[in-house]
Amino acid sequence: MTVEQAVRGHVPPDVADSSSQPDHLESPEEWREPPEESAGGETEGVVGGRGDGLELVRVVPDLRRRWAVPRWLRRTAGPVALLVLWQVLSASGVLEAGILASPGTIAATAGDLVSDGTLPSAMLVSVQRVIVGLLLGGVTGVVLALVSGLSRLGEDLVDATVQMLRAIPWVGVIPLFIIWLGIGEAPKIALISLGVAFHLYLNVYAGIRGVDDQLVEAGNSLGLSRWGLIRHVVLPGALPGALTGLRYSLATAWLALVFGEQINADDGLGFLMNQAREFFRTDVIVVCLVVYALLGLLADLLIRTLERLLLQWRPTFTGR
């Protein structure tokens, strides 16, 4: 009887003829499977051990490091390549200055606008409009979302009306705002507030209604009152949606500012763009657009930092 038959159960291992074992296997301790080599160069495998246990083969890691491109370099490669291509096309005459100024010309114009104080003053006025509109629209959207999300009666009274108004393009109400509020600062701020309120309402409402019902039942089991349930369960659960809505609202606020500052503005970034359009100054227009983009990125960065601070309890996937 061979050892293989004895192991498989034909004959008890202790009865098997030890003399029939192969010469290259002197004892059961030496039975082992050849280790496998993984794709990364690591050696792995399982070998037979004493009794019915298994022994693990020691894994030898591959210490060779693969050179990786830094993430900041990958993120800046695209914009830098675009600027280089833009400059080359402008210098070669393919892209005429009357159509679009070169990056060098735009940088020089930006330096002039900063040095004489024109650009900082316009930025300050535009930022003030966004902040006021964001506060008014944010408070309105959050209050409506709380009324609609926390109560079925509030949902019946509020949600249908908000959804109906949301379907109307908010840019289309500019003529009505001019008739109702005049051509001063009021229609500009009202337009920003309108765009902000809808985004915050939708996301806060969805966050409230998306709270796990089991958490609510657990809160009831612990004896929490209705206010305690809202404070400790519902509002923390709705916070991720609220912050997402705030990010969308900031983007909409800058977009609404562009339209709002077209309404007889006498200061601000929109005013600079209107003046530049009259004199075909594409360099000034691009400077204002770049400032809009940078302000929007800065605001988004602030919200993302706020998310990391307030949502430390929620693990998220960050990509690989």
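When atom types are taken as modelled, the side chain of Ser151 and the backbone of Val147 share no donor-acceptor pair closer than 3.5 angstrom. Side chain of Ser92 to main chain of Val88: a donor-acceptor pair is present (N/O by atom type, distance under 3.5 Å, no hydrogens or angles). Formation of a donor-acceptor pair under 3.5 Å by the Ser193 side chain with backbone atoms of Leu136 is not found in this model. In terms of modelled atom types and a separation under 3.5 Å, the side chain of Ser126 and the main chain of Met123 share no donor-acceptor contact. Formation of a donor-acceptor pair under 3.5 Å by the Trp86 side chain with backbone atoms of Ala101 is found in this model. With Arg247 contributing its side chain and Asp300 its backbone, the two residues share no donor-acceptor pair below 3.5 Å.
One distance of note links CG of Asp156 with OG1 of Thr161; it measures 10.5 Å at 0.5 Å rounding. Here the CG-OG1 distance, from Asp267 to Thr118, works out to 9.5 Å after rounding to the nearest 0.5 Å. Of the inter-residue distances, the one linking Asp266 atom CG with Gln275 atom CD reads 10.5 Å to the nearest 0.5 angstrom. With rounding to the nearest 0.5 Å, the separation of CG in Leu119 from OG in Ser121 is 9.5 Å. Going from atom OH of Tyr248 over to atom CG of Asn203 covers 7.5 Å, rounded to the nearest 0.5 Å. Here the CG atom belonging to Leu165 is positioned 15.0 Å from the CH2 atom belonging to Trp170, to the nearest 0.5 angstrom.
Contact annotation: the side chain of Ser148 never approaches that of Leu144 to less than 4.5 Å [non-hydrogen atoms, C-beta and beyond]. Counting only heavy atoms from C-beta outward, the side chains of Leu135 and Val196 never approach each other to under 4.5 Å. Using a 4.5 Å heavy-atom cutoff, the side chains of Trp254 and Leu269 are not in contact. Between Leu229 and Asn220 the shortest side-chain heavy-atom distance falls below 4.5 Å. In this structure, the side chains of Thr140 and Tyr201 stay at 4.5 Å or more apart for every pair of heavy atoms. Side-chain contact between Ile192 and Leu134 is absent, with no heavy-atom pair separated by less than 4.5 Å. The closest side-chain heavy-atom distance from Leu194 to Phe177 is below 4.5 Å. Side-chain contact between Asn274 and Glu261 is absent, with no heavy atoms from C-beta onward closer than 4.5 Å.
Pairing each heavy atom of Ala276 with each of Ile285, the nearest pair is CB-CG1, 3.6 Å. Summarising the geometry of Gly182 relative to Pro187, their closest heavy-atom pair is O-CG, 3.2 Å, with the distance given to 0.1 Å. Smallest separation of non-hydrogen atoms from Val130 and Ala253: CG1-CB, 4.0 Å. Scanning both residues, Arg281 and Thr109, for their nearest heavy atoms gives NH2-CG2, 3.9 Å. When all heavy atoms of Gly207 and Ala238 are compared, the closest pair comes out as C-CB, 3.6 Å. For the residue pair Ala190 and Leu181, the shortest heavy atom distance occurs at CB-CD1, 3.8 Å.
Residues Phe280 and Phe271 are members of separate hydrophobic clusters, defined by side-chain heavy-atom contacts under 4.5 angstrom among Ile, Leu, Val, Met, Phe, Trp and Tyr. Note on Ile189: it does not cluster hydrophobically with Leu200, by side-chain heavy-atom contacts below 4.5 Å among ILVMFWY residues. Hydrophobic clustering (ILVMFWY, side-chain heavy atoms < 4.5 Å, transitive): Leu124 and Met273 are in distinct clusters. Linking Ile, Leu, Val, Met, Phe, Trp and Tyr whenever their side-chain heavy atoms come within less than 4.5 Å puts Leu250 and Val127 in one cluster. Put simply, Val284 and Leu95 are part of the same group of oily side chains (I, L, V, M, F, W, Y) that touch within less than 4.5 Å, one to the next.
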Step-by-step side chain to side chain contact (heavy atoms under 4.5 Å, CB included) determination, Arg226 to Leu150: CA-CA 10 Å; Arg226 178 174 176 80; Leu150 297 175; 4.2 Å; yes

From CA spacing to verdict: side chain to side chain contact (heavy atoms under 4.5 Å, CB included), Ile168, Phe198: CA-CA 11 Å; Ile168 301 175; Phe198 289 138; over 6 Å; no

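With respect to Arg129 and Glu185, a salt bridge is recorded, a charged nitrogen being found less than 4.0 Å from a carboxylate O.
Counting non-hydrogen atoms of other residues, nucleotides and ligands closer than 6.0 Å to CZ of Arg75 gives a total of 12 or fewer. For Ile183, the CD1 atom counts as loosely surrounded, since its 6.0 Å shell holds 12 or fewer non-hydrogen atoms of other residues, nucleotides or ligands. Surrounding CD of Glu96 are at most 12 heavy atoms belonging to other residues, nucleotides or ligands under 6.0 Å away.
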